[in-house]
Amino acid sequence: MDEALISVDRWVKGSQAYFLTHLHADHTKGLSSMWSHGPLYCSSFTADLIPLKFSDFDLSLLHVFEIGTWQTLNLISRSSGAPTAVEFIAIDACHCPGSVMLLFRGEFGCMLYTGDFRWEVGCERAAKAKEMLAGAIKDDKVDVVYLDNTYCNPIYDFPNRQVAAQQIIDIIASHPDHDVIIGINTLGKEDLLVQISEALKIKIWVWPERMWTMDLLGFYDNFTINTSITRVRAVPQYSFNVETLEELNRIKCPTIGIMPSGLPWVKKSPPKTKSISRAHLTARCKKAEWSEDDDEYEPMGDIGPPEKLHKYIFTVPYSDHSNFAEIMDFVKLIRPKNLKGIVSSSSCYIEPMYYLRLLCQGNRPSEVLNSKLKRKARATVAGSNKKPSGSYNAELVRKRSMTLKARLKRIRLSKHSILRKVRKGAKIPDISADLKTDSDGNQVE
DNA sequence: GCGATCAGAT
DNA sequence: CACATCTGATCGC
């Protein structure tokens, strides 16, 4: 098996230390209540949540690190068998509560694993994190960055979370006589909900397990588990669908749904691409091909939605991952010698180096051209879930809008409802054995 | 019956 | 098409 000195968000036997950047399911595949492969290092908040997600987890294996403090691990070198020291420091990733990026120094060099992150321009918290990271790197050179490349493609352009949150607040405020349901996951988007709660001076309903998380975060006053005292409810995104909305409107009361996230926010053509004109692309993206209710379709503005996907549903581009511009800023700050993506399942997947090589160390334009040609040659034999597309591609955009339409149809046909999902006392899952994502770049050495 | 894993849905 | 999550089938024990 591919063993490593230490592993980050990777739970294969054989490492001497394991790091968890945050507690989303796609980063804990392989972690379970019976974890016993080695010490697990994580942030304090993540450690608080682990027993909720993994009941019976052996807490003696948990090692909580402080954000912004260097620590040393004394390990055994896999190559020489001699003692070897690894230093690490965690930095706020601003992705979800407890999320961190990790900087390591050891015999393997200097390595930065971003985990999932969003560092927005103008965000004070991100600015502090940025400063902290720069201070930790100092004059050192980062040999490799393992990057949250979820939206590492110029087609992904969406506003910061502050703007998106205000859009959501405006939608709710403009529907004063409606109930509102907002789709969220088991962790993340708490700041959005608090912002809504405070702007509208209203408590937000969450399901009981979610309330524990809110309590842990100290948001006692913004949330409730009593449905009768509020018109705004946050529900599992998984249970959020058209049929639910139609059902609520039919048998309960006028209700709108808001999906903070949910769609690829394709807005503009990448620079210097001849394969498709900007006008053509824009037309494709704005065309209401996926809306079956033509009279209800509202075209996107330049900064993006609120977009109406359905009579009762608004989608708003609220993302906990950095957009392309933010990723560029990040790489410019670090200027690593090498860059690897940690997400390989995106249909828009492009090796981060394709767009960002110029921002890294020791790369000249001629090398960029060279690498483009090589990549094109390689694309045809690329494996399983990686779907590299060396240049921007009109076909890709066409497929996207078609599948959006297909997706809406699927939702309409769905026979599942929220009523089934929001059952009380649902077990905390031991393991989510799903997603065959194969993040190559999540181990050291 | 249970955990681990995968496929598929949402 | 995104992310993250959940259900259910299958396999090995």
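We name chains A, B, ... by the order of the sequence lines, and we start the count at 1 in each one.
Note: CZ (A:F117) to P (C:dC3) measures 14 Å, nearest angstrom. A:N241 places its CG atom 20 Å from the P atom of C:dA4, with the value rounded to the nearest Å. In this structure, A:K29 places its NZ atom 14 Å from P of C:dC3, rounding to the nearest Å. Across the protein-nucleic acid pair, A:M259 atom CE and C:dT5 atom P stand 14 Å apart, rounded to whole Å. In this structure, A:H321 places its NE2 atom 12 Å from P of C:dA2, rounding to the nearest Å. Summarising the geometry, the separation between CH2 on A:W207 and P on C:dC6 is reported as 9 Å, rounded to the nearest angstrom. For A:H95 and C:dA2, the NE2 to P distance is 16 Å, given to the nearest whole Å. At whole-Å resolution of the value, CG in A:D157 and C1' in C:dC1 are 17 Å apart.
Applying the ring pair (Phe, Tyr, Trp, His ring centres under 6.0 Å) rule to A:Y41 yields the partners A:F19, A:H63, A:F88; only residues at least two apart in sequence or on another chain are considered. Take A:D92 and apply the side chain to side chain contact (heavy atoms under 4.5 Å, CB included) test, not counting sequence neighbours, and it matches A:C94, A:R125, A:A129.
For C:dT5, the OP1/OP2 oxygens have no side-chain nitrogen or oxygen of A:H27 closer than 4.0 Å. Of the side-chain N and O atoms in A:H22, none sit less than 4.0 angstrom from OP1 or OP2 of C:dC3.
Here the nucleotide nearest the side chain of A:D116, chosen from C:dA4, B:dA4, C:dT5, is C:dA4. In the set B:dA4, C:dA4, C:dC3, C:dC3 carries the atom at the smallest distance from any side-chain atom of A:Y151. Considering only the side chain of A:A25, C:dT5 comes nearest among C:dT5, C:dA2, B:dG3. Closest to the side chain of A:Y238, out of C:dA2, B:dG3, B:dA9, is B:dA9.
Defined by atom type and a distance below 3.5 Å, a donor-acceptor pair is present between the side-chain atoms of A:H27 and A:D116.
When heavy atoms are screened at a 4.0 angstrom cut-off, A:D320 is found touching no nucleic acid atom at all.
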Steps toward salt bridge (Lys or Arg N to Asp or Glu O under 4.0 Å) verdict (A:E190, A:R210): CA-CA 10 Å; A:E190 292 78 8; A:R210 202 63 164 89; 2.8 Å; yes

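A:W119 has its ring centre less than 6.0 Å from the ring centre of A:F330.
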